[in-house]
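Okay, structure first, notes after.
Convention: sequence-line order gives letters A, B, ...; per-chain numbering from 1.
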Amino acid sequence: MALLQPLKQLKLNASHRSDVYSQPVGSSERVTAAYLTETPAGKDRLMEIICERQNLGRALSRVRTNHGAAGIDGMTVDQLTSYLRQHWPKVRADLLAGTYQPLPVRRKEIPKPSGGVRLLGIPTALDRLVQQAVGQILQQIRDPSFSASSYGFRPGRNQHQTIQRAQQYVVDGCRQVVDMDLSKFFDRVNHDRLMSRLATKVHDKRVLKLVRRFLTAGVMVGGLQEPSHEGTHQGGPLSPLLSNIVLDELDKELEKRALRFVRYADGFIIFVRSKRAAERVMVSVSRFVNQRLRLKVNQEKSGITHPWWMCFLGFSFYQPSRRYPYPHPLQIDQPVQTAGAGTDQSQLWTEHGADHRPSQPVFSWLVELLRHNPELAQFSFASLLDPAAPSGDPVETLEEPENPGPGIGETEDPSYQGAVYGLFP
DNA sequence: CCCAGGGATGT
RNA sequence: GGUACAUCCCUGGG
């Protein structure tokens with residue numbers, strides 16, 4: 001009995017619409033980034049900057065307040081502070097000499113919400129501190145040059161901005177979505193690709209060597225150390241940034257091809273206007289990812305869909321019709337287990353064919369709609385969702401109803417980010 | 001704006 | 001005990 005997810009929808013006001021393409025980039029730079037890249041001293045003395053007291057203090061407080069578990073050496077984050085009081089000079093000396101050797105990570109498997117398992121590699125508390133200190137500086141060097149279409153793990157950017165830009169593509173007329181999924185991305189990151197990408201902006205050999213040592217530190221499995229020749233362990237503070245550095249190469253390639261896309265970590269979607277273009281892009285981008293980036297495209301989870309049938313970052317778009325010009329006043333926050341009301345789910349699925357089944361959020365929206373309005377079962381679902389469908393109602397100019405009531409996805413909790421509506425022109 | 005403590009979403 | 005990043009919300013404090 002799979003519980004259905006609440007439908008999240010996105011509202012796009014006219015005021016938002018104008019500046020969607022120019023989202024503010026986070027200006028939260030605690031240390032002057034310009035100094036790091038523009039002064040000659042910053043280029044080869046990066047490790048000194050990493051080891052500065054202020055940077056390390058911030059890294060330590062972050063590791064401490066995360067209250068994370070211990071690594072392979074058993075040291076807890078509470079013990080870390082007192083350990084550093086005694087051993088920091090030695091650690092610092094190793095870092096500056098370029099001889100610091102991280103310990104292997106601890107393997108932990110946790111279940112993913114979607115059903116699979118996530119392989120974690122948990123570094124020791126000390127290594128997490130060092131990674132954090134390195135990451136804080138590296139982020140300031142690399143983040144400004146990242147693509148505007150890259151939204152994951154970046155300061156000043158969130159899922160909302162990602163979806164807003166995606167919706168702008170749809171509004172602009174891109175009704176074909178190439179949904180690309182990279183299988184086991186973190187576990188398959190190519191070390192050499194990553195290092196060469198990092199070396200374009202970082203010239204301190206000690207820093208480069210340290211990052212490579214983090215990558216090849218290995219993983220302890222049942223008391224035995226296994227080497228790691230690929231992948232970046234999920235669990236290190238540096239991993240999210242490293243993933244962006246690797247996939248920055250992808251962003252730049254997509255930009256070079258003038259494609260409209262958004263990327264959030266390892267998930268990205270490309271918007272095009274025609275089915276033919278979608279198929280062409282699907283093939284060529286897959287080839288680029290497989291051959292150039294040495295990554296693997298998950299063929300099963302990748303494909304071409306319609307904007308209102310896809311699900312990205314937990315959001316879906318929907319197409320209002322004349323019959324339902326605004327989110328239907330149904331409470332959908334409670335999970336439902338069956339379609340009920342005599343609706344045949346298989347009929348719903350086959351309505352659009354096996355290749356174009358509605359995404360889970362849209363599907364659950366339909367289920368709820370039918371549960372409360374069984375008389376609607378006789379109408380074509382395509383007419384509710386797809387303006388291009390032969391029986392589709394003409395889409396009218398949409399106004400917010402005076403009293404929408406508790407709309408789909410709307411909750412009492414104002415902090416619930418997904419509780420916004422999506423309106424198409 | 002910054003710092004503690006708690007919650008949620010996503011990867 | 002299950003790591004990490006980002007974002008948002010709440011409370012308290014400077």
Side-chain angles (χ1 to χ4, degrees), chain A residues 5-6 8 10 23-30 54 57-72 74 76-77 104-114 116-125 127-132 134-136 138-139 142-143 146 150-164 166 180-187 189 214 219-220 231-247 262-269 301 311-316 333 361 409 411-420:
Chain A
Q5 301 294 315
K8 300 179 182 181
L10 187 72
Q23 296 289 349
V25 182
S27 58
S28 57
E29 293 165 23
R30 274 112 171 179
Q54 194 183 9
R58 199 155 62 87
L60 178 60
S61 70
R62 169 58 82 94
V63 173
R64 282 178 70 187
T65 60
N66 275 351
H67 291 107
I72 200 68
T76 66
V77 290
V105 297
R106 182 162 63 87
R107 166 67 81 240
K108 177 76 185 175
E109 294 178 8
I110 60 172
K112 278 195 285 190
S114 48
V117 287
R118 185 181 293 261
L119 259 56
L120 293 186
I122 304 172
T124 67
D127 286 335
R128 290 208 296 271
L129 168 80
V130 176
Q131 280 196 40
Q132 179 69 35
V134 172
Q136 285 168 2
L138 286 190
Q139 179 149 80
R142 293 281 2 215
D143 199 87
F146 283 160
S150 165
Y151 287 88
F153 308 141
R154 295 185 59 187
R157 287 167 173 251
N158 58 28
Q159 294 101 307
H160 240 102
Q161 296 168 331
T162 318
I163 296 298
Q164 276 188 11
M180 303 275 291
D181 183 271
L182 306 180
S183 55
K184 309 266 185 309
F185 163 68
F186 280 89
D187 301 326
V189 167
F214 273 124
V219 49
M220 289 296 276
T232 166
H233 310 112
Q234 299 182 64
L238 207 48
S239 290
L241 177 64
L242 294 183
S243 75
N244 270 339
I245 290 174
V246 170
L247 291 181
V262 289
R263 183 175 69 79
Y264 197 97
D266 56 339
F268 61 101
I269 47 182
K301 296 179 74 177
C311 181
F312 194 65
L313 304 177
F315 286 89
S316 268
D333 283 328
T411 72
E412 311 273 323
D413 184 4
S415 69
Y416 185 63
Q417 298 182 37
V420 278

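In the set C:rC8, C:rC5, B:dG5, the nucleotide with an atom closest to the side chain of A:N66 is C:rC5. Closest contact between the side chain of A:R106 and the listed nucleotides C:rC5, C:rG2, B:dT11 involves C:rG2. Out of C:rC5, B:dG10, B:dA4, the shortest distance to the side chain of A:S61 is found at B:dA4. Here C:rU3 is the nucleotide among C:rU3, B:dG10, B:dA4 with the atom lying nearest to any side-chain atom of A:L120. Comparing C:rA6, B:dT11, C:rA4 by their closest approach to the side chain of A:R118 singles out B:dT11. Looking at the side chain of A:K108, the nearest of the listed nucleotides C:rC5, B:dG10, C:rG2 is C:rG2. If you check C:rU7, C:rC5, B:dT11 against the side chain of A:P155, the one that comes closest is C:rU7. Counting only heavy atoms from C-beta on, A:P123 has its side chain closest to C:rU3 among C:rC5, C:rU3, C:rG1.
Residues A:L182 and A:F268 meet the side-chain proximity criterion, which asks for heavy atoms closer than 4.5 Å.
Here A:I110 lies in heavy-atom contact (under 4.0 Å) with a base. Across all strands shown, A:S243 has no heavy atoms under 4.0 Å from either base or sugar-phosphate atoms. Using a 4.0 Å heavy-atom distance criterion, A:Q139 is classed as a sugar-phosphate-only contact. The residue A:Q132 sits close only to the backbone: its heavy atoms come under 4.0 Å of sugar-phosphate atoms, none of a base.
Here B:dT9 presents its P atom at 13 Å from OH of A:Y264, a figure rounded to the nearest Å. Atom pair A:H67:NE2 and B:dG7:C1' shows a separation of 16 Å (rounding to whole Å applied). One atom, CZ of A:R64, and another, P of B:dC3, lie 14 Å apart when rounded to the nearest Å. Distance, A:F146 CZ to B:dT11 P: 19 Å, rounded to whole Å. The CZ-C1' distance, from A:F153 to C:rC8, rounds to 16 Å in whole Å. The nearest whole Å value for the distance from the CG atom in A:L247 to the P atom in B:dT11 is 15 Å. One can place CZ of A:F186 at 12 Å from C1' of B:dG10, the figure rounded to the nearest angstrom.
Under the side-chain hydrogen bond (donor to acceptor under 3.5 Å, both in side chains) criterion, A:D127 pairs with A:Y100, A:T124, not counting sequence neighbours. Taking the side-chain contact (heavy atoms from CB on, under 4.5 Å) definition, one finds that A:A59 meets it with A:L129, A:Q132, A:A133, A:Q136, sequence neighbours left out.
Residue A:G235 is the one, among A:G235 and A:G152, whose nearest nucleotide of RNA chain C lies closer to the 5' end (criterion: closest heavy atom).
Side-chain atoms of A:Q159 and base atoms of B:dT9 include a donor and an acceptor less than 3.5 Å apart.
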